[in-house]
Student: 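Sharing a structure with you now.
Keep in mind that what you see is a predicted model, and the values were worked out from it rather than measured. To find a chain, count down the sequence lines: A is the first, B the second, and so on, and within it residues start at 1. As a basis for the values below, the full set of heavy atoms in this structure was taken, side chains included, without hydrogen atoms, waters or symmetry mates.
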Number of protein chains: 2
Amino acid sequence: MSQIDHQRYFDCTDCLFKTISCQYIQKDEFEKLRVKSVQLRYKKGEVILKQGAKSTHFLFLRKGIIKFNYEDENGKNLILSINKAPALIGGANLVNAEFNLFSVCAIEDCEGCTIDVSMLTRIALANTLYLFKMLQFITDVFRSSIFNFISLAHKQVNGRIADILIFLSQNIYMNNEFVLSLSRQEFAEFAGCSKENVIHTLRKFHNEGLITVEGKKILLNDPERLQKISKHG
Amino acid sequence: MSQIDHQRYFDCTDCLFKTISCQYIQKDEFEKLRVKSVQLRYKKGEVILKQGAKSTHFLFLRKGIIKFNYEDENGKNLILSINKAPALIGGANLVNAEFNLFSVCAIEDCEGCTIDVSMLTRIALANTLYLFKMLQFITDVFRSSIFNFISLAHKQVNGRIADILIFLSQNIYMNNEFVLSLSRQEFAEFAGCSKENVIHTLRKFHNEGLITVEGKKILLNDPERLQKISKHG
DNA sequence: TATTAAAAGTGTATTATTTCACCTTTTGAT
DNA sequence: ATCAAAAGGTGAAATAATACACTTTTAATA
């Protein structure tokens with residue numbers, strides 16, 4: 001019996017991480033991971049991993065939406081990517097760095113399990129197909145952020161905001177209508193522009209009938225035309 | 001004896017890839033890689049890997065400087081990162097994708113060896129420390145590009161160009177004085193701005209005594225002040 | 001070496017973006 | 001319920017960046 005009784009919020013039976021893991025490793029191997037794992041809940045706004053802190057564990061995110069945030073030397077924030085569950089968070093550091101390069105914050109209430117890095121590494125090293133699967137999980141986050149950056153790097157604000165709207169609709173909320181989890185300030189940190197520019201641009205899109213904005217509620221009326229704006233830059 | 005006699009341009013004795021590999025794998029394992037490998041030379045400007053093409057091999061770059069280039073749907077180019085030898089190129093696709101996400105082009109004359117992906121994968125899967133080392137090699141390229149993107153995403157052109165000058169001086173040419181391998185157009189594709197903006201900004205820095213520009217020859221007179229411009233944005 | 005094409009460079013008009021000084025609305029705490 | 005703080009929003013002035021129409025320089029080659 002463990003000394004500390006960790007609270008259990010949810011049932012592990014149909015856990016995706018377990019399902020995937022057990023395609024590659026034995027149940028008793030997985031059990032070694034499970035007993036070390038702790039269930040956690042995060043409220044919207046909470047920091048899950050802190051930039052610069054030592055990376056002691058991964059988090060398998062089973063529910064919620066998170067942002068990867070980079071704070072620069074002037075205290076300015078940049079959102080590198082937004083991801084929804086399921087995702088393996090903190091893995092950017094498996095191969096690379098000892099310390100977190102970015103912060104990870106909940107932008108909707110989240111649930112997840114810690115996963116012991118050294119144990120996962122040990123098991124993965126002995127099960128290379130599993131290792132590959134984990135690396136795929138991890139690099140997915142990188143890859144998605146690269147394409148955000150390409151948009152940032154050579155499109156103007158109209159195109160970038162169109163891109164973000166399409167991205168959120170297709171990759172995060174899976175719907176043309178959604179309630180934005182980001183403040184206008186955060187939207188600006190994702191789009192790499194000023195808060196005012198975001199507001200003006202959303203208003204313009206709204207007035208042109210492209211989208212309907214009602215506070216945090218956004219409806220994409222004309223995704224095709226939005227695509228055109230994205231393409232055109 | 002092989003059916004095709006591949007030309008040999010350089011000697012493998014002191015190859016870094018061999019040296020590193022043989023810290024992890026047996027000589028006879030490495031030999032399996034070596035016999036499949038072909039020595040190649042690229043002239044400045046040549047495409048080494050083509051975006052969208054199937055990734056059939058890695059390239060161990062033993063000499064030269066390369067750019068990672070992304071061409072968007074409008075034919076606009078973006079330079080994601082610039083790397084110098086030694087580097088393992090094409091590895092972005094080991095874990096991820098079947099097709100090259102980016103092109104890799106020589107911006108100085110290059111020399112390297114092809115490395116058979118399937119053979120390397122097979123050996124690496126059987127030698128997990130080696131696998132880790134290779135993954136480190138590969139993700140290095142990603143990591144360096146992420147920090148370029150952060151600069152791009154929330155600095156203005158002054159800061160971005162200062163960043164690039166510092167980057168080139170410290171990471172590529174290892175000197176305060178260097179002969180730029182990039183055209184002004186390529187510099188602009190790296191900085192995410194127009195060619196004219198690059199020229200104007202370099203001229204301004206020159207007039208302020210920060211740098212000395214003489215065509216492709218650039219001297220950083222005042223790296224500290226350049227750092228300040230970079231920090232300030 | 002004359003010719004041509006490509007790259008570099010310039011100044012200005014136009015457009016895009018940020019900043020600022022506000023005001024309004026929403027939200028959370030007491 | 002009231003207050004304070006945070007977020008959302010606005011329009012206009014100031015600044016930054018691009019596009020354009022050129023000229024000049026450099027490099028390539030017939």
Student: Write down the protein N/O and nucleotide N/O pairs, taken from nucleotides 25-30 of chain D, whose separation is under 3.5 Å; answer none if there are no such pairs.
Tutor:
none

Student: Just by distance, no angles: are the side chains of Asn221(A) and Thr212(A) close enough, under 3.5 Å, to form a donor-acceptor pair?
Tutor: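 There is such a pair between these side chains.
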Student: Can you confirm whether the side chains of Asn158(A) and Lys204(A) place a donor and an acceptor under 3.5 Å from each other?
Tutor: yes
Student: Can you give me the bend angle of the helix from dT1(C)-dA30(D) to dT30(C)-dA1(D)? Use the axis through the first five pairs and the one through the last five, nearest 10 degrees.
Tutor: 50°
Student: Which whole-number value in Å describes the distance from Ile229(A) CD1 to dA16(C) P?
Tutor: 12 Å
Student: Check the distance between dT19(C)'s C1' and His154(B)'s NE2 and give it to me in whole angstrom.
Tutor: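 Computing the His154(B):NE2 to dT19(C):C1' distance gives 18 Å.
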Student: Provide, to the nearest angstrom, the distance between the CD1 atom belonging to Ile218(B) and the C1' atom belonging to dG9(C).
Tutor: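 Interatomic distance, CD1 of Ile218(B) to C1' of dG9(C): 14 Å.
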Student: So does Lys44(A) have more than 12 non-hydrogen atoms from other groups sitting under 6.0 Å from NZ?
Tutor: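 For Lys44(A), atom NZ is crowded (more than 12 foreign heavy atoms under 6.0 Å).
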Student: Between atom CD in Glu186(B) and atom C1' in dA7(C), what is the gap in whole Å?
Tutor: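 To the nearest whole Å, that distance equals 11 Å.
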Student: About how many Å separate CG of Asn100(A) and CZ of Phe68(A), when rounded to the nearest 0.5 Å?
Tutor: 9.5 Å
Student: Write out all pairs satisfying salt bridge (charged side-chain N to carboxylate O under 4.0 Å, His left out) with one or both partners inside residues 149-161 of chain A, taking only residues at least two apart or from two chains.
Tutor: Lys155(A)-Asp163(A)
Student: Rounded off to whole Å, could you give me the NE2-to-P distance for the His206(B) and dA8(C) pair?
Tutor: 16 Å
Student: Do other residues, nucleotides or ligands put more than 12 heavy atoms under 6.0 Å from Lys228(B) NZ?
Tutor: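 No, NZ of Lys228(B) has 12 or fewer neighbouring heavy atoms, counting only those of other groups under 6.0 Å.
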Student: What integer distance in Å separates Gln156(B):CD from dA16(C):C1'?
Tutor: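 From Gln156(B) CD to dA16(C) C1': 12 Å.
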Student: In whole angstrom, give the distance that lies between atom CG of Asn197(B) and atom P of dA8(C).
Tutor: 15 Å
Student: Any side-chain to backbone donor/acceptor pair from Thr201(B) onto Asn197(B)? Under 3.5 Å, distance only.
Tutor: yes
Student: Return the polar atom pairs (N/O with N/O) between nucleotides 8-12 of chain D and the protein under 3.5 Å, or none.
Tutor:
residue	atom	partner	partner atom	Å
dG8(D)	OP1	Lys216(A)	NZ	3.1
dG8(D)	OP2	Arg184(A)	N	2.8
dG9(D)	OP2	Arg184(A)	NE	2.8
dG9(D)	OP2	Arg184(A)	NH2	3.0
dT10(D)	OP2	Arg203(A)	NE	3.0
dG11(D)	N7	His200(A)	NE2	3.4

Student: Have Ser181(A) and Tyr173(A) got a donor and an acceptor in their side chains that come within less than 3.5 Å?
Tutor: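 Per modelled atom types, Ser181(A) and Tyr173(A) side chains form a pair under 3.5 Å.
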Student: Between Glu189(A) (side chain) and Ile79(A) (backbone), is there a donor-acceptor pair under 3.5 Å?
Tutor: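 No: the side chain of Glu189(A) does not pair with the backbone of Ile79(A).
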Student: Using distance only, find each side-chain donor-acceptor pair of residues 58-67 of chain A under 3.5 Å and give its atom names and separation, not counting sequence neighbours.
Tutor:
residue	atom	partner	partner atom	Å
Arg62(A)	NE	Glu111(A)	OE1	3.4
Lys67(A)	NZ	Glu186(A)	OE2	2.7

Student: Can you tell me the distance, in whole Å, between the NZ atom of Lys155(A) and the C1' atom of dT17(C)?
Tutor: 19 Å
Student: Tell me whether the count of non-hydrogen atoms from other residues, nucleotides or ligands lying under 6.0 Å of CD in Glu214(A) goes above 12.
Tutor: no
Student: Is it true that Asp116(B) and Thr114(B) share a donor-acceptor pair across their side chains at a distance under 3.5 Å?
Tutor: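 Absent: no donor and acceptor within the cut-off.
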Student: If you count heavy atoms of other groups shown closer than 6.0 angstrom to NZ of Lys216(B), is the number above 12?
Tutor: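 Enclosed.
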Student: Produce the list of close N/O pairs, under 3.5 Å, pairing protein atoms with atoms of nucleotides 24-30 of chain C; give distances to one decimal.
Tutor:
none

